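Below, chain A is the first sequence line, B the second, and so on; all start at residue 1. The figures that follow rest on heavy atoms only: side chains count, while hydrogens, waters and symmetry mates do not. Computed from a prediction, not measured in an experiment: that's the story for all the values here.
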Protein chains: 2
Amino acid sequence: MVHPAEDVRPPTMADVAREAGVSHQTVSRVLSGHPNVRAATREQVTLAIERLGYRRNSAARALVTRRTRTLGVIAVNTALYGPASTLTGLEEAAREEGYLVSTVSLRTGEAQGLKDAIDHLASWGVEGVVAITPQRSHVQALAELDAPFPVVTVEGGHQLDLPGVSLDQELGARMVTEHLLAAGHGTVWHVAGPEDWLESEARTAGWRAVLEESGIRPPRVLTGDWSPLSGYRAGQELAGLALARRGTTPVTAVFVANDQMALGVLRALREGGIRTPAQVAVAGFDDIPEAEYFPPPLTTVRQDFAAIGRRSIGLLVDHIEGRARTAEHLLVEPQLIMRASTRPPHEA
Amino acid sequence: MVHPAEDVRPPTMADVAREAGVSHQTVSRVLSGHPNVRAATREQVTLAIERLGYRRNSAARALVTRRTRTLGVIAVNTALYGPASTLTGLEEAAREEGYLVSTVSLRTGEAQGLKDAIDHLASWGVEGVVAITPQRSHVQALAELDAPFPVVTVEGGHQLDLPGVSLDQELGARMVTEHLLAAGHGTVWHVAGPEDWLESEARTAGWRAVLEESGIRPPRVLTGDWSPLSGYRAGQELAGLALARRGTTPVTAVFVANDQMALGVLRALREGGIRTPAQVAVAGFDDIPEAEYFPPPLTTVRQDFAAIGRRSIGLLVDHIEGRARTAEHLLVEPQLIMRASTRPPHEA
DNA sequence: CACGCTGTTGTGAGCGCTAACAATCTACCT
DNA sequence: AGGTAGATTGTTAGCGCTCACAACAGCGTG
């Protein structure tokens with residue numbers, strides 16, 4: 001069976017020109033909104049375009065303008081709430097700016113994978129890349145890669161000379177810690193995220209700073225790997241300490257570096273017979289949608305992912321279009337969300 | 001200040017040809033792996049490519065071959081675990097097939113947004129689109145749009161003549177319901193997802209079918225909107241029924257259409273003083289990473305998102321390359337994950 | 001030794017578009 | 001009326017690549 005329709009090529013600018021009785025250049029002018037085209041001519045062309053269902057060929061355009069108007073996004077762990085939300089924000093912002101955005105998700109942040117991703121995107125002629133690289137080693141690898149186009153990091157810290165956008169993690173951690181101290185707790189314990197993660201370093205730093213400024217010696221830091229399970233383990237340890245009640249600083253408040261680990265901590269405390277928040281207050285970070293329904297609803301820090309996406313695309317486009325040359329770093333403000341998990345007992 | 005480096009154009013095939021002392025066509029042959037090139041010549045060309053850091057210009061290539069090797073993905077609600085995971089699977093599979101994939105995330109599934117997304121992708125010359133369209137209305141809109149390229153749906157059902165890939169939602173629901181009946185429950189209540197969602201229809205259908213096959217009259221269906229809050233409300237109602245214990249079918253087992261709502265149900269039951277699973281067993285659907293750490297760990301149905309991604313890209317590429325003409329629909333098998341939330345009391 | 005075959009390489013055209021320039025047509029001024 | 005600036009339109013030359021075809025070498029064969 002023959003499918004003649006498959007051999008019909010889509011109409012070209014020349015077809016439209018013929019249909020409208022003008023030159024292809026006039027069609028081009030109409031399409032790119034050039035002012036010097038008579039209204040009547042413009043009308044003719046527009047009509048012809050509609051009649052033929054014409055569409056500009058982006059490859060031909062890219063070839064002659066040397067602009068693909070394509071951006072790449074490289075992200076690790078895109079199934080997590082944070083990266084996934086950032087991705088949406090990025091994508092929308094890019095579309096508004098008239099760019100196509102192509103995402104590469106990596107399972108792990110190995111240097112080789114990053115290199116391959118950059119390569120894949122480069123071979124498609126992307127004009128710039130946003131990299132969601134929350135681990136120090138990623139950023140390091142990225143900086144050494146020396147990509148042939150501008151790269152903007154998200155949550156990439158600002159120690160290297162790559163431009164980037166981050167949430168003010170340290171401020172978020174300060175807000176939580178201050179909130180707990182204000183509620184009357186003598187100190188605040190901390191379950192940190194894994195080493196090498198910039199977010200986890202910054203959150204720990206903010207927590208530590210507040211305690212030290214209040215003249216409190218920070219207790220030993222417990223460490224997890226962001227997973228509920230690791231939080232559960234840390235929670236068991238904390239439950240033990242809370243019950244033992246001797247030798248160490250009393251455990252009455254815990255700032256957990258993300259909501260998922262906080263879920264594990266809550267479970268461990270509950271299993272240890274410890275009531276939250278009556279005996280131990282718990283706070284998280286991220287405000288995942290489930291946080292509001294944890295037992296009890298979790299106090300946490302919300303990140304404005306859409307804003308992060310918008311600003312990083314803005315920064316990238318500035319670099320591409322030559323409006324920015326410096327390794328600028330933007331910070332987005334976090335928001336403290338107070339819920340039952342840190343409510344002082346007398347208010348409960 | 002002048003940046004001379006910016007005026008240097010990237011090397012072209014002609015540059016490589018000159019460097020290697022061959023014609024541009026020979027370079028092209030080496031690049032596309034044509035067999036009839038002498039080994040020594042190939043070597044020369046490869047070296048020259050390396051020396052110059054040459055990269056094929058994808059726009060020029062696309063222009064002449066009329067193949068952009070670009071795929072589009074349209075997804076609604078990408079911040080949710082399911083769509084986000086599918087996205088990763090899709091993206092990896094496409095990359096392996098040598099395609100660039102560009103994602104458009106929509107917040108809502110309105111027909112206009114879908115149309116704009118298709119338009120955006122079409123203007124970049126994508127060769128096909130995978131649409132993650134879990135609502136009946138999306139699929140309807142999509143079918144009416146009549147895109148200028150093949151479209152494959154994910155979780156789009158198979159009533160329309162669009163090819164697609166879905167998890168066997170009905171089978172998953174059957175597995176859960178059978179599991180609960182086998183555990184000795186006289187009936188199974190159901191908290192469904194919102195209407196218009198194909199997944200929620202299929203899950204309800206599977207649940208209903210098992211009950212009817214066992215000669216049990218299905219209890220009234222409660223409905224939520226996938227959110228923990230809506231699950232919480234349904235849970236309050238169920239808690240009331242469980243405690244009232246008269247007039248209605250006893251509430252001892254609940255199949256909730258997704259894990260997030262199950263979280264809400266668990267909380268409501270707990271607040272109503274009902275123990276899970278001792279008094280009421282609860283099961284969910286999706287197996288989000290948190291499910292294992294719910295109070296108690298949730299029995300649920302796992303979906304193989306990577307497989308769904310792989311198979312839908314495979315199907316799409318078959319259509320693009322003319323290997324498939326039918327509106328084939330593939331089903332991926334779900335997996336029941338048994339945890340404490342449905343453990344029979346005597347095993348607990 | 002002419003012939004045809006296969007393997008290898010080169011030449012020329014053209015994909016659909018934009019940018020630069022040229023040509024023409026107005027409108028307005030002196 | 002003549003001249004000129006400005007608006008409007010057309011012409012031409014590539015962008016960097018692949019495809020179709022031509023050219024030529026080396027080889028075995030009748």
**OP:** Determine, for nucleotides 13-26 of chain C in 5'-to-3' order, which nucleotides have protein heavy atoms under 4.0 Å from the base (write B), from only the sugar-phosphate (write S), or from neither (write -).
**Re:** -BBBSBBB------
Subject >> Reference residue B:V27; test side chain to side chain contact (heavy atoms under 4.5 Å, CB included); the match among B:T46, B:T41, B:V16 >> reply: B:V16
Original post:
Donor-acceptor pair, B:S28 side chain versus B:H24 backbone, under 3.5 Å?
Top reply: no
Subject >> A:H319 (side chain) donor-acceptor with A:V151 (main chain) under 3.5 angstrom >> reply: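 Looks like no, no N/O pair under 3.5 Å.
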Original post:
Roughly how far, to the nearest 0.5 Å, is CZ of A:R323 from CD1 of A:I320?
Top reply: 10.0 Å
Original post:
Can you tell me how far CZ of B:R69 sits from OG of A:S123, rounded to the nearest 0.5 angstrom?
Top reply: 11.0 Å
Original post:
Will you find, in the side chains of A:T133 and A:T153, an N or O donor that is under 3.5 Å from an N or O acceptor?
Top reply: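 A:T153 and A:T133 do not have a side-chain donor-acceptor pair below 3.5 Å.
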Original post:
If you measure from the Lys or Arg side-chain nitrogens to the Asp or Glu carboxylate oxygens, is any gap between B:R55 and A:D119 under 4.0 Å?
Top reply: yes
Subject >> Residues in contact with DNA chain D, drawn from residues 40-53 of chain A - heavy-atom cutoff 4.0 Å >> reply: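 Under 4.0 Å from DNA chain D: A:T41.
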**OP:** Using ring pair (Phe, Tyr, Trp, His ring centres under 6.0 Å) as the criterion, list what pairs up with A:F305, not counting sequence neighbours.
**Re:** A:Y81
**OP:** Determine: side-chain N/O of A:T26 to OP1/OP2 of D:dG10, distance under 4.0 Å, yes or no.
**Re:** yes
